[in-house]
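Each remark here refers to the structure printed beneath this line.
All of these numbers come straight from a predicted model, not from anything done at the bench. Chain letters run A, B, ... following the sequence lines, proteins first, then strands; residues in each count from 1.
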Amino acid sequence: MHPVAVTAGLTVDIRRKRFAGDGRTPPHTAIENLQFDVPLGQFCCLLGPSGCGKTTLLNIAAGLDSEVDGSVDLHSETAQTRPAVSYMFQTPRLLPWMSVRDNVDIVLDPPARADGRGVKLLERMELGGYLDAYPTRLSGGQRRRVALARAFAIRPALLLLDEPFVSLDQPVGNRLREILLDLWQAQPTTVLFVTHDLNEAIYLGDRILFLSQPPSSVVHDAAVDLPRPRTPDSPVINTFRTGLLDRHGGLLAGAAGSTTDSGSSTP
Amino acid sequence: MAVGTVDAAASAWERLRRAAGGPAALRIFSFVLLLGVWSVATLADPSGQVLPAPWVVLDTLWYHLNEEGLLYHLSVTLWRVAAAFFGAMVIGVALGILMGARRRADIILDGWHILFLNMPALVLIILCYVWFGLTEVAAIVAVALNKIPNVVVTVREGTRAVDRELLDVARVFRVDRRTTFLRFFLPQLYPYIMAAARGGIALIWKIVLVVELLGRSNGVGFKLHEFFQLFDIAAVLAYTLSFVVVMMVVEYGVMAPLERRCTRWR
């Protein structure tokens with residue numbers, strides 16, 4: 001078990017998450033005995049096979065799904081109210097009838113909006129020339145940058161990301177990962193990053209939790225102690241990856257099964 | 001040389017042909033064809049009483065415009081159309097959203113909805129006049145009641161098709177309920193509301209005339225009734241023409257720009 005820090009950002013303790021069937025689909029236990037803590041400010045990657053309940057876990061953490069036996073608790077030493085949570089979904093989920101600027105501003109409270117926080121973030125992400133454009137005019141990579149700006153704009157205590165960079169070209173994906181790390185270092189926050197790509201997890205994370213086939217639980221907890229900044233697909237990362245697979249090949253068979261491709265597959 | 005001239009002539013002819021086949025040309029052709037058919041048809045009626053010629057109708061229109069208060073009756077009818085339209089849209093959209101979003105409300109209201117959907121317009125008009133008297137309010141309520149069920153059908157369908165994933169964004173980012181409704185939810189319904197509005201204007205304007213014919217002493221419907229009794233077909237057609245022009249102005253001056261505004265992000 002990971003040592004519980006006093007300033008734990010997040011405590012996940014889910015005894016069971018079941019989906020009741022509805023005639024067409026049989027009942028299904030997505031998560032069982034899933035327990036872990038994420039210390040404040042840690043970048044934690046969740047790796048597991050498709051359909052292993054990763055998205056379900058994020059939905060619970062985001063407060064979108066409350067029908068669960070167990071809890072996901074978010075601790076904060078400063079905030080009295082429930083700390084802010086951001087969620088970057090698998091698709092950018094921008095509002096097509098709003099400009100890029102409005103898409104970010106809409107989630108901000110009036111002082112932050114007046115402060116121009118959204119615009120500053122967008123400019124930082126090289127979207128300064130697209131503030132008044134509609135999302136339909138943007139490329140896939142640009143839309144994800146807007147979604148990323150929106151996620152960071154509310155200064156979240158917890159940032160949830162659900163395979164946000166799938167189905168992108170490798171260079172575009174790498175650039176987005178670089179931007180994500182850049183923002184995260186400028187604006188530290190606890191991160192839960194779901195992926196099925198081991199290389200991506202090693203490049204981004206402080207730590208990787210390997211989840212089993214459903215009902216999912218943690219099968220391995222690996223610290224990624226590589227120095228930052230890291231280079232995607234570098235020998236360092238590949239060596240780390242080989243080491244992991246050598247030591248835990250059997251255990252990770254399920255999780256690593258889909259990591260032979262390098263992140264461009266769709267779930 | 002000769003070949004070149006033939007080519008130039010051919011391409012000029014081709015350009016002309018293409019322009020003649022363009023949408024604007026086709027519209028004009030269609031309109032002229034209508035006038036032509038109409039003019040020829042008048043030959044079958046030497047008296048000019050049953051089917052007056054286009055120019056006679058135009059002349060009558062001019063006369064009623066200047067001498068007989070056509071604009072007054074037109075504006076009274078337009079006011080009723082507008083009142084019934086906005087009433088029906090507001091109530092229909094609210095009910096449609098309620099029934100689309102809440103299953104229990106849908107089950108409870110569905111029977112009533114089907115009842116009103118299938119109630120003949122004339123029955124609603126008669127009942128409203130009998131119960132509320134031959135008043136302005138009764139007239140407008142009768143028209144609105146005829147339209148509301150249609151608005152509900154469209155808006156309910158739109159509400160059911162709303163993208164829940166976008167509403168989840170609002171929930172996660174804790175957008176307040178008012179903003180969620182106005183900026184995340186309602187824009188998804190705009191296409192459906194526009195469709196309901198389009199159909200609504202056309203239907204309401206027809207029913208308003210019947211309401212006026214049965215129980216009002218002004219408006220286009222009232223005048224048409226009068227012309228019918230006087231067998232003044234030229235005046236009937238003149239009023240029809242004037243109202244068609246007004247509705248075209250509404251369509252191109254209000255509805256089309258509104259729709260462009262709602263869909264400019266596409």
- Query: Which of residues 117-133 of chain A get closer than 4.5 angstrom to chain B, counting heavy atoms alone?
  - Reply: none
- Query: Residue by residue, which of residues 94-103 of chain A have a heavy atom closer than 4.5 Å to a heavy atom belonging to chain B?
  - Reply: A/Leu94, A/Leu95, A/Pro96, A/Trp97, A/Met98, A/Asp102
- Top of A/Ser86, A/Ala151, A/Ala62 for chain B proximity - count of heavy-atom pairs under 4.5 angstrom: A/Ser86
- Message: For chain B, which candidate among A/Thr91, A/Leu160, A/Val85 shows the most heavy-atom pairs at distances under 4.5 Å?
- Response: A/Val85
- Out of curiosity, A/Ile106 CD1 to B/Phe184 CZ, how far, rounded to the nearest 0.5 Å? 5.5 Å
- Distance, nearest 0.5 Å, that separates CG of A/Leu64 from CZ of B/Arg164: 12.5 Å
Report yes if some heavy atom in the side chain of [X] is under 4.5 Å from a heavy atom in the side chain of [Y]; otherwise report no.
X        : Y        : result
B/Arg174 : A/Val107 : no
B/Val172 : A/Phe89  : yes
A/Tyr134 : B/Arg264 : yes

- Task: Answer with side chain, backbone, both or neither: which region of A/Thr136 has an atom nearer than 4.5 Å to a non-hydrogen atom of chain B?
- Result: side chain
- Query: Relative to chain B, which segment of A/Arg150 carries a heavy atom at a distance below 4.5 Å: side chain, backbone, both, or neither?
  - Reply: both
- Task: For atom CZ of A/Arg15, decide whether the heavy atoms of other residues, nucleotides or ligands shown that lie under 6.0 angstrom number more than 12.
- Result: yes
